[in-house]
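Order of the sequence lines fixes the chain letters, A, B, ..., with proteins taken first and strands second; residue numbering starts at 1 for each chain.
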Protein chains: 2
Amino acid sequence: MTNDRPKRGRPRSHTSREAILGAVRHRLLADGYLRLTIEAVAAEAGVSKATIYRWWKTKGELVLEAAEGDISIGLVPETNDPRADVEAAIHQLVDTFSRPLASIVIFAAIATGESDPVMAQIFRDRYVYPWRVSAAAAMVRALPEDRSEASEVQFLLDVIVGTVFQRTLVLREPNTVGLKGRLMSVIFPI
Amino acid sequence: MTNDRPKRGRPRSHTSREAILGAVRHRLLADGYLRLTIEAVAAEAGVSKATIYRWWKTKGELVLEAAEGDISIGLVPETNDPRADVEAAIHQLVDTFSRPLASIVIFAAIATGESDPVMAQIFRDRYVYPWRVSAAAAMVRALPEDRSEASEVQFLLDVIVGTVFQRTLVLREPNTVGLKGRLMSVIFPI
DNA sequence: ATTATTAATGTACGATGCGTTTCGAAATGT
DNA sequence: ACATTTCGAAACGCATCGTACATTAATAAT
């Protein structure tokens with residue numbers, strides 16, 4: 001979604017759009033983000049290169065849209081069991097980071113911040129930030145008053161995100177069974 | 001250091017070697033890893049491209065060697081105050097990750113694991129692994145017996161590395177004063 | 001001194017991918 | 001029919017890659 005639909009003229013091809021996004025997903029899973037080229041996507045989708053550039057300014061924009069369904073994290077629930085909410089937040093994170101397509105795209109969004117700051121920005125604003133706000137709220141509810149200052153809450157969120165990132169995306173450790181429980185007992189020591 | 005010195009023939013130019021590695025550091029700080037090109041390094045060093053390819057197979061190899069002094073972490077001390085040793089380990093990590101050149105190169109080594117697995121491998125084996133082994137030993141000494149199983153120690157190391165990585169390299173948070181203390185109290189709750 | 005050996009330079013090459021442009025054809029509303 | 005917009009095919013100039021070649025330079029062995 002880049003433009004509004006004009007009233008006249010040939011309408012945008014829904015078929016081509018789907019073919020492009022599907023080809024992007026396929027090439028991402030096959031080759032990874034860095035090795036993905038627009039030319040290969042165009043060839044696989046049976047589409048002209050110009051058509052891709054017509055609707056997406058950058059590779060990052062294109063990839064984020066193609067993986068939208070996989071990388072959206074959702075908001076942390078607000079039940080009357082705040083610790084369960086925090087646990088749900090951790091679960092959402094681990095679950096999302098473990099999806100093959102999401103792991104590739106999230107990693108790329110963070111890693112290419114240097115050369116494509118727009119991609120990192122969009123990823124943060126659209127996917128990380130909403131989750132983070134709701135997770136912070138859950139954390140405040142779950143912590144005792146003397147531990148719920150903003151800086152401590154942000155630190156604990158960094159512990160969660162950083163540890164999950166390290167385990168699932170850097171070390172590529174598929175076994176996440178002990179991870180959630182251990183994170184909970186580190187955040188809420190007995 | 002790629003080869004032994006042959007006994008005969010023109011010796012390798014020490015001047016060119018230093019000029020190349022210096023240019024790499026300069027371009028890294030100016031442009032970042034992804035935008036660094038071999039051609040630009042050759043031009044800035046006043047050296048032929050072929051000379052660079054003669055001694056370094058890949059960009060990753062070249063960059064790791066150019067930044068060697070900045071990215072080497074050192075081993076965790078072994079005093080009779082094991083908690084202080086763990087604190088020292090955290091300090092080493094934060095300190096290294098905060099150096100401008102190291103932050104660029106470490107980030108690149110992790111981020112390009114997809115397209116340049118050799119760089120990630122070298123980085124892990126040569127710089128991360130030794131620190132990690134000595135940090136694990138310190139952790140075992142510092143933890144009570146009932147918490148010092150291998151999987152728990154590895155998890156706590158991932159918490160440290162992940163959190164520091166998140167704070168310093170992903171979020172680029174320069175303020176690390178509270179970080180070390182908070183990490184300690186998360187690992188050793190009262 | 002001559003020869004063998006290795007390094008470094010300059011230059012050029014074919015590939016690949018980039019992002020853009022141009023042109024003609026196709027598909028819609030007015 | 002006409003205006004408008006999209007699409008596909010092809011080509012463009014550009015940057016960078018990694019390699020190759022011939023030439024010159026510096027050193028050790030003979």
Just by distance, with hydrogens left out, do D85(B) and T79(B) show a side-chain donor and acceptor under 3.5 Å apart?
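D85(B) vs T79(B): donor-acceptor pair found between side chains.
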Which nucleotide sits closest to the side chain of [X]: [options]?
X      : options                   : value
R10(A) : dG18(D), dC18(C), dA26(C) : dA26(C)
K49(A) : dA28(D), dA11(D), dT19(D) : dA11(D)
E39(B) : dT16(D), dA12(C), dT5(C)  : dT16(D)

Would you say D125(B) has more than 12 foreign heavy atoms packed within less than 6.0 Å of its CG?
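It does: D125(B) CG has more than 12 such atoms within range.
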Taking any heavy-atom pair under 4.0 Å as a contact, classify A40(A): base, sugar-phosphate, or nothing.
nothing
Heavy atoms under 4.0 Å, any strand shown: does T37(A) hit a base, just sugar-phosphate, or nothing?
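Touches sugar-phosphate only.
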Tell me: [atom1] of [X] to [atom2] of [N], nearest whole Å?
X      : N       : atom1 : atom2 : value
I52(B) : dG10(C) : CD1   : P     : 12 Å
R54(A) : dC18(C) : CZ    : P     : 20 Å
H14(A) : dA27(C) : NE2   : P     : 18 Å
Y53(A) : dA10(D) : OH    : C1'   : 16 Å

Between E152(B) and R147(B), does any side-chain N to carboxylate O distance fall below 4.0 Å?
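Answer for the salt bridge query: yes.
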Under 3.5 Å, side chain of R35(A) to main-chain N/O of E114(B), donor-acceptor pair present?
yes
Phosphate oxygens OP1/OP2 of dC7(D): is one of them under 4.0 Å from a side-chain N or O of W55(A)?
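Yes.
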Nearest-nucleotide 5' precedence on DNA chain C, T51(B) against R35(A):
T51(B)
